[in-house]
Every structure is written in C-alpha cells, then in structure tokens.
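To start, the structure itself, in structure tokens.
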Number of protein chains: 2
Amino acid sequence: MEFFFKPRGIALVGASSNPNKGGNSILTNLERGFKGPIYPVNPRYDEIGGLTCYPSVLKVPDPVDLAIVFVGAEMTLTAVRECAQRGLRGVMIQSAGFAESGEQGRRLQKDLLAIRRDTGMRLWGPNCMGLVDGVNRLVFSFVAPSIWDEGLAPGRVSLVVQSGMLSAGFLIDIITHGTMGISKACSIGNKVDVDECDLLQYLLEDPDTGCVGMYLESIANGRRFLDICSRSDKPIVVLKGGKSEKGAAAALSHTASIAGNQAVVSGALAQAGVIEAQGFMQLIDLSRTLATYPKIELKKRPPRIAVLTFSGGAGIVSSDFIEQHGLELADLCDATKTDLQEVFPEWMPVANPVDLWPAIERNGPEVAWGRAFNAVFADPGVDAVFFHVFVGGFSGSYDLSSIAKIAQAGNKPVFGWLLGKRTEAHNFLKQAGESGIPVFREIPRAVECIAAVFRRSKYLKRRSHL
Amino acid sequence: MEFFFKPRGIALVGASSNPNKGGNSILTNLERGFKGPIYPVNPRYDEIGGLTCYPSVLKVPDPVDLAIVFVGAEMTLTAVRECAQRGLRGVMIQSAGFAESGEQGRRLQKDLLAIRRDTGMRLWGPNCMGLVDGVNRLVFSFVAPSIWDEGLAPGRVSLVVQSGMLSAGFLIDIITHGTMGISKACSIGNKVDVDECDLLQYLLEDPDTGCVGMYLESIANGRRFLDICSRSDKPIVVLKGGKSEKGAAAALSHTASIAGNQAVVSGALAQAGVIEAQGFMQLIDLSRTLATYPKIELKKRPPRIAVLTFSGGAGIVSSDFIEQHGLELADLCDATKTDLQEVFPEWMPVANPVDLWPAIERNGPEVAWGRAFNAVFADPGVDAVFFHVFVGGFSGSYDLSSIAKIAQAGNKPVFGWLLGKRTEAHNFLKQAGESGIPVFREIPRAVECIAAVFRRSKYLKRRSHL
C-alpha cells in the first residue's frame with residue numbers, strides 16, 4: 001500500500017490544460033506538493049504547463065509506480081489495463097460511472113476487478129476523491145486547488161471516508177473552522193479492491209496517524225475489519241451510514257454498498273474496541289479527542305471529573321451530563337478545598353463544579369484559574385479536568401499554554417468547553433488544538449468525548465489482561 | 001411587568017465613574033440605548049459623565065418607575081426600601097450575595113421578600129444580569145458595554161436564563177457566531193419575586209417575541225408554569241438544569257433552587273406542549289427553529305421529508321436520523337421524478353435523498369438546485385424539505401433568497417445543513433437567519449429540530465380539538 005501514499009513517480013491519465021476540468025485540478029494539486037516526477041498522460045497534448053505529456057501510460061518513463069486515472073468510465077478500462085502492462089503497482093481511479101450508476105457501470109466495475117485479479121495491481125476507487133495528506137502536504141485528488149490555501153493543516157487524525165464529496169467538504173470545513181488538522185484523508189468510493197481494511201491496516205502502522213476516523217456505508221469483510229480493530233493500539237472511531245431501512249437503500253445507490261444489520265454491527269464494533277459515532281461532527285470530535293488521549297491511566301473506580309467553570313449554570317448542566325455518561329463528579333479533598341477557599345469569598349464553600357466567578361472577581365483571572373487548575377490536578381480524587389472558558393469579553397479567561405503545562409505535569413486528561421466572541425473563539429480553538437487540549441463548543445459533546453476516552457482505555461486495560 | 005421592559009425613567013443605585021466597575025457598565029449601557037431619563041444614585045458623586053448624581057433614590061425626580069440596584073448585598077436592603085418609599089414600581093437587583101451565598105445572604109433575601117410583601121413593589125433578581133433587548137436596543141445590565149459592538153442583533157427568540165454569566169456569555173456567542181439574533185434576554189437570578197412565570201406570561205404577549213427559550217434550575221410554581229405553557233400559542237423550549245443528583249446539589253448552591261424529580265418534570269413539560277432541550281446550543285437551535293415555524297399545516301400521516309444533498313453520504317446519514325426521529329423519507333411522485341430526471345444523467349434514477357451532484361456537474365448549480373427545489377416543493381408527498389449545502393468551494397451552492405421564495409410559495413417548512421469554509425459559512429448562516437430559513441451545522445441537530453416543529457404543531461392540533 002506504501003506506493004499509494006509515497007509513490008516514487010505518478011502518471012496522471014486524463015491530465016487536462018483546461019482549469020475547469022478535474023484533470024487539471026489533479027495536476028495542479030500534484031505540482032504543488034509532490035516531490036517526485038509527474039507524468040501527464042493525454043493523447044491530445046504534447047505538454048501541459050511545461051510538463052511533457054504522454055499519449056499513453058505505456059510511454060511513461062521511470063520512476064513510476066502509481067497512476068491516477070480521471071477519464072470517462074468507458075476509457076478507464078483501457079487505461080487501467082495499460083497501467084498493469086506498464087508494470088505499475090497501483091492505480092487510483094477517481095472517475096465515476098461504475099457500480100453506483102446502473103447496469104453498465106456495474107459491468108465496468110466487474111471488469112476492473114478482473115484486471116486486479118489477473119495482474120495483482122492494486123486499485124483504489126473508483127468513484128472517489130483520492131487522498132489528501134496534511135502532514136506530508138500531498139493532494140492526490142481532483143478537489144479544487146483552493147484547498148491548499150486553507151484546507152491543509154496537519155494533524156494526528158487520519159480519515160477514511162466512503163463518500164467523495166463529504167471527504168473533501170469536511171476537510172475544508174474542519175480545517176477552516178479550526179476544529180482540527182489532518183494526517184491523511186482517504187476517499188475510498190466503490191472499493192473495487194482497496195477497502196477500509198487495507199487502509200486501516202496501513203494507517204495503524206503510519207507514524208503520522210494517532211487515531212483513525214471512518215465513515216463507512218458498508219464493511220466489506222467484517223471479520224477481517226473487526227480483527228484489525230480489536231488488535232489496534234490506536235483508537236478507531238466509526239460512523240456507520242445506512243442504519244435505517246431507507247438509509248441502507250440510499251447507501252446501495254450511492255456507493256453500491258450492502259449494509260449489515262445495525263444492532264449486530266454496533267455490538268461487534270463495541271466488542272472490538274471501536275468507538276461508534278452517530279454524526280459527522282461527532283466523528284471528528286471523538287477522533288481528535290482520542291488522538292490526544294489514546295490511552296490514559298485508570299483507577300479502580302468510575303472516572304471522577306472536576307469541573308472548573310465561570311458559570312454556575314454551565315456547571316450544573318455539565319454535572320447532569322457527567323452522571324448520564326457513567327462518570328462521576330469528583331469530591332474534592334480537604335487540601336484542595338482549603339487551598340481554593342483562600343481565593344474564594346468566605347460565604348462561598350468550595351465545591352465541584354468549582355464556580356470560579358467569585359474568585360475571579362476577587363483575585364483576577366490569572367490567580368483564580370491558576371490556583372484552581374493547580375489544585376484540581378494535584379487532587380488524588382480527580383481523574384480528569386473539564387474547564388469552561390468564555391473568550392473575548394467580561395469573564396477572565398486563562399492562557400492555554402499554562403493549562404497545558406499544568407495538565408502535563410498532573411498527568412490527567414483535560415478538556416475544555418468554549419463560549420465567546422467569534423474571532424476570539426476561533427483563535428482559542430486553534431491554539432487549543434496546537435496545545436493538545438480538546439476543546440468543544442457544546443457541553444454534551446465534550447462529556448461524550450470525555451466518556452469515550454475512559455471507555456477506550458478501559459477496553460485496552462481489559463484486553464491486556466486477557 | 002411593563003415597567004421592567006419599558007420604564008419611563010430609571011434610577012441607577014450604585015452608579016460609578018470607575019470604568020472597571022459594574023456600576024459604570026450599567027450606566028454606559030443605559031446611556032447607549034435608553035431614551036428616557038437616567039438618574040445615577042451614589043452619595044459620593046455630584047455628577048457622573050455630565051449626569052446629575054443623586055445621594056439617594058428618594059431625591060430622584062419624576063418620571064421614574066424602575067430602579068436598577070448594584071451595590072453590596074448589605075446596602076441593597078436600604079436601597080430597595082427607599083425605592084419603595086419613592087413609589088417606584090419595580091427594582092432590578094443585580095447585586096450578588098443573597099441566598100446563593102450562605103446563611104447571611106439567605107437572611108438578606110428573606111428581608112427582600114418581606115419588602116416585596118409589604119409594599120407590592122416588584123423585585124427582579126437578585127444575583128442576576130438583568131435584561132438585554134436586541135429589538136428595542138436596551139441593555140439594563142452590568143454586562144461589558146462591548147456587547148453593543150457585536151452582541152445586539154435583533155431576533156424573534158426571547159430567552160429567560162437562570163444564570164447570569166450564561167445569559168451574557170451566550171448572547172455574545174450566538175450573536176457573533178451568526179447563530180441567531182435576540183428579542184429579549186432576561187437573566188432572573190435568585191427569583192426572590194419575579195420568576196419564570198411572570199416573565200413567560202409577559203413574553204407570550206410581547207409582539208417582538210416569537211418563541212421563548214428558557215434555562216431553568218428550578219420551577220417555582222410548577223402548576224402555574226404548566227398552565228401558562230399549555231395555553232400558549234407561541235412555542236416554549238425549556239432546558240432544565242439540575243437533573244442528576246449532583247447537578248441538583250450544584251443548582252442549590254448556584255441559585256438556591258430546589259430542583260424537582262426529573263422524570264416527572266419532563267413528562268409534565270411534554271404534556272404542556274413544551275419542547276425540552278438537553279444542552280444550551282440545542283436550546284438555541286430549537287428556539288430559533290420554532291420561532292420560524294411556530295405552527296405548520298399537518299397531514300394525517302407521519303411527516304414526510306425530502307432531502308436535497310450534494311453528498312450521497314450526508315443523504316444516507318440524514319435518512320438514518322429521519323427514521324430515528326419518527327419522520328419518514330418522502331417517496332417522490334412520478335411527476336417529480338420525471339421532471340428531475342431531465343437534469344440527471346440517464347444512469348441515475350432519481351430517488352430521495354436527491355443526490356444533486358451528478359445534476360450539478362451536468363447543468364451547473366443554478367439549474368440543478370432550482371429544478372430540485374421547485375419539484376420537491378410542488379410534490380404533494382413532501383411535507384418538509386431538508387437541503388444540504390457546501391459553501392466556498394467545489395460544490396455549487398444556491399442562493400438563499402431563491403430558496404426562501406420557493407419555500408414560501410410552496411408553504412412547506414425548509415431546513416438546511418451547512419458545511420463549508422469558515423467565512424462563507426458564517427455569511428450563509430447569517431443570511432439564512434435573515435431569510436427565515438433555519439440552517440444547522442450538524443445533521444442530527446437539524447433533524448431533531450425538524451421533528452420538534454412537527455411535534456409542536458401536532459400538539460397544537462390536538463389541543464384545538466379538545
């Protein structure tokens with residue numbers, strides 16, 4: 001699989017000089033990031049933008065081990081056959097018009113499969129958007145080259161997405177919103193050959209990947225998939241589309257996938273240590289959280305959370321969700337209480353959630369937050385810290401690098417909930433990502449993710465005892 | 001209650017010339033919006049910023065019917081007594097240090113209640129942030145005056161929030177993020193007198209309010225509250241904090257509220273036609289949706305939804321959530337299918353969810369979206385339309401005013417899910433709000449809100465038959 005991610009040279013079948021065509025976008029994307037030789041293939045040109053253009057992939061010189069094919073479905077077959085003949089190791093087929101598009105497409109896809117069987121050459125796609133690599137800065141995709149301007153921040157999460165538009169759209173959304181950067185985003189389309197198992201296996205060994213998030217409409221080889229998941233040391237988050245009857249029907253027409261019985265699938269995923277997501281943003285939030293805390297130390301008790309807040313109301317709602325998710329609100333020890341009482345007014349007994357507002361009013365945000373963070377991280381009855389912050393206005397916030405430092409020294413996971421002015425909130429979210437602190441915009445989502453971190457580590461602990 | 005929202009004149013007890021003090025923020029906020037006379041009260045000044053300052057509220061001239069009090073808890077009692085003596089109709093007590101803060105505070109709050117009983121003068125607070133009115137541009141609050149710069153967009157939702165920091169923080173967050181504008185945001189604090197029932201009753205008669213969203217830690221007079229809700233023609237959304245044991249304990253120390261049994265509360269709320277929220281953002285999303293669609297026409301069948309998408313995967317996940325929420329995916333009628341097939345490639349049979357991408361590729365976004373919107377709104381088998389849009393890049397989007405026009409003509413509710421580049425997404429969200437189309441950032445939230453619209457209208461229909 002390495003040649004898909006780190007090819008020595010790439011042939012682009014269907015290269016175009018017309019900037020409105022996908023075959024031109026792929027070329028531009030390759031030129032902007034790929035360090036090896038690029039060989040445009042198109043019988044209608046001698047050269048494109050200064051690069052020699054070849055009439056057929058058969059004429060492409062060495063070194064080359066990967067072709068990206070973006071031509072009409074009918075022409076794809078010939079191109080792929082020639083790639084095999086030329087001795088390439090893999091082809092990424094980004095063209096549509098296969099099993100997702102009626103009888104003729106299904107025939108063409110069968111023919112692709114036959115080539116794979118006859119030649120051993122690996123096929124990625126068809127009907128996909130290829131690969132985006134935010135760490136190594138590679139875009140093997142017809143996604144608009146504007147992605148380079150704001151859609152290519154590096155991160156520790158790799159995504160495998162069985163939906164082309166979604167993978168590209170999501171990438172641009174989550175990166176421009178500062179939600180997270182990306183390691184590798186793989187759009188797998190119809191999965192004629194390369195499937196979620198192949199990619200998962202590769203990504204679990206990829207040093208740039210800390211967690212794998214997957215949107216799947218079908219799981220081709222359930223047994224193999226669960227086997228890989230259950231051995232993985234890296235967290236895996238899966239959103240399974242097509243759970244409802246109508247959803248499954250739509251999945252069939254979208255990527256020609258047959259979805260399994262949902263209850264069975266969910267149970268099997270949980271047993272294999274997979275964290276299941278229900279929505280796309282939740283998939284992203286769970287993935288970035290688990291990439292940050294793939295494995296934490298557990299005590300022999302339900303996880304106990306300390307909540308530091310600027311708002312009593314937010315503390316109360318957090319408490320409700322904490323209890324609902326099988327976590328516990330920590331009882332602060334006497335030393336913590338005594339220490340914190342010094343920055344609180346006398347009339348306010350220190351309790352968890354710690355409502356910092358009165359302490360901020362008295363001592364300023366620096367002292368109040370600093371004291372509170374240090375105290376709860378030192379408290380042996382606290383297993384994780386959930387802080388609330390308002391940025392850009394009345395409430396004193398606290399700088400992230402200090403929080404990160406205290407958290408690291410305390411060896412306990414820390415999570416944030418963020419409210420505030422748009423620009424300040426965006427900056428805070430981005431900085432939090434860089435500081436390795438998962439921050440969320442909704443309290444229920446934050447608590448879901450906290451619970452998932454403990455659930456995953458509990459799974460790993462149980463597994464290590466087997 | 002009118003004098004709290006539209007006073008003829010306001011005395012500000014605790015006015016300050018120090019810009020770091022809340023008593024100065026209140027003054028600045030009053031000066032920036034309130035058209036009537038403002039009377040600062042503070043024995044230490046003769047004037048503040050050109051306004052005559054009075055040594056006591058007793059010396060304040062006419063017209064005046066409201067005082068805002070922001071002095072230490074101990075001094076509050078005298079100030080409030082003098083307000084009664086001066087013949088004011090209401091006092092908004094923004095000072096803290098009452099029932100939320102120990103034995104002495106509880107005593108002080110009892111004394112406040114006694115004044116209310118003896119004089120008939122209404123008391124709002126204490127321990128609250130007062131009132132912000134986005135439509136009439138009034139800020140009766142110690143919130144930082146920077147709220148005027150980006151936190152005062154008008155809207156149809158009024159909020160009642162039993163948590164001061166939260167009401168101010170949320171207001172700034174949701175308005176700067178373009179989530180929604182606001183009619184009236186009322187922070188009610190300890191509710192010594194004016195409570196959620198008083199405010200709800202007022203807001204239900206307020207022509208600027210289309211929906212009331214409430215965060216409550218306690219419901220003082222359950223019977224009266226449910227009675228008001230069950231008669232209301234305007235939708236009411238409630239987030240009840242303090243559901244868990246620990247949450248209830250935190251609520252007790254936060255605003256001295258005793259929370260009721262959650263199962264009982266939830267059941268009673270549902271029976272009174274109240275939509276219950278679990279998180280803050282969900283409260284906001286449900287409120288703005290129901291303000292847009294307070295009552296829709298219902299057919300004698302489960303609601304049928306048409307999904308227009310640029311992404312097959314998003315269509316599938318939407319289908320899953322639609323089924324999960326008791327809604328149905330509409331079966332498009334033959335006329336719709338025949339019409340849409342003209343813009344789709346032959347190989348792609350038109351089905352719901354309508355995956356527009358192939359049609360966009362063939363005909364451009366204008367034609368594809370326009371045709372699709374017109375067709376599904378005209379389809380008698382479709383009760384609501386849920387569209388997905390990606391802004392700022394590869395997928396063709398469609399202009400909101402056209403959607404709003406078609407939706408209005410079709411007399412069916414329309415909802416959107418938005419993905420895209422940060423700046424473009426923000427602009428789209430704001431425009432959508434102005435066009436009266438609820439747009440969401442997460443599919444599950446969107447479907448929750450669609451379901452709530454139908455649930456509320458079903459309640460109203462059932463009620464009208466009693």
Side-chain angles (χ1 to χ4, degrees), chain A residues 97 101-102 104-105 143-144 146 150 162-163 165-166 168-170 172-173 176-177 215 217 241-247 250-251 253-255 278-281 310-317 319-320 323-324 329 347-348 351 353 355 357 390 392-395 419-422 441-444, chain B residues 97 101-102 104-105 143-144 146 150 162-163 165-166 168-170 172-173 176-177 215 217 241-247 250-251 253-255 278-281 310-317 319-320 323-324 329 347-348 351 353 355 357 390 392-395 419-422 441-444:
Chain A
S101 69
Q104 198 195 344
V143 63
S146 64
E150 16 180 13
Q162 192 174 353
S163 177
M165 296 301 296
L166 210 57
F170 247 90
I172 292 169
D173 187 291
T176 60
H177 281 82
Y215 168 69
E217 289 169 9
K243 287 171 191 168
S244 60
E245 205 186 313
K246 294 254 181 174
S253 83
H254 181 222
T255 46
Q278 305 301 323
F280 296 119
M281 291 292 182
F310 63 91
S311 152
I316 289 160
V317 169
S319 304
D320 289 344
E323 192 162 298
Q324 192 183 306
L329 215 50
W347 53 259
M348 188 166 178
D355 183 355
W357 185 238
F390 178 92
F394 61 93
S395 143
L419 201 65
K421 284 191 188 165
R422 179 168 175 264
R441 296 277 294 136
E442 302 210 23
I443 288 174
Chain B
S101 68
Q104 198 196 344
V143 64
S146 62
E150 18 178 10
Q162 192 174 351
S163 176
M165 296 302 296
L166 209 58
F170 246 90
I172 291 170
D173 187 290
T176 61
H177 281 83
Y215 168 69
E217 290 170 9
K243 290 170 189 169
S244 60
E245 204 185 315
K246 294 255 181 175
S253 83
H254 181 224
T255 46
Q278 304 301 325
F280 296 119
M281 292 294 184
F310 63 92
S311 152
I316 289 160
V317 169
S319 305
D320 288 344
E323 194 162 295
Q324 193 183 302
L329 215 50
W347 55 258
M348 187 165 178
D355 183 355
W357 185 238
F390 178 93
F394 61 93
S395 141
L419 203 64
K421 283 190 189 165
R422 180 169 176 262
R441 297 276 295 137
E442 302 209 23
I443 289 174

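Side-chain atoms are counted along with the backbone in the values below, which use heavy atoms only and exclude waters and symmetry mates. Here is how names work: the chains are called A, B, and so on, in the same order as the sequence lines, proteins then strands, and each is numbered from 1.
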(request) Can you see which heavy atom on B:Val317 is nearest to which on A:Gln278, and at what distance? (result) CG1-O, 4.1 Å
(request) State which residues pass salt bridge (charged side-chain N to carboxylate O under 4.0 Å, His left out) with A:Arg422; sequence neighbours excluded, sorted by chain then number. (result) none
(request) Considering non-hydrogen atoms only, spot the tightest contact between A:Ile172 and B:Lys421 and give its length. (result) CG2-CG, 3.4 Å
(message) If we define contacts as heavy-atom pairs under 4.5 Å, which of B:Pro444, B:Gly420, B:Gly102 has the most with chain A?
(response) B:Gly420
(request) Find the distance between CD (B:Glu442) and CZ (A:Arg441) and round it off to the nearest 0.5 Å. (result) 11.5 Å
(message) Could you measure the distance from the CZ atom of A:Phe170 to the OG atom of B:Ser311? Nearest 0.5 Å is fine.
(response) 9.0 Å
(message) Minimum heavy-atom separation for B:Met281 and A:Leu419, please, with both atom names.
(response) CE-CD1, 4.2 Å
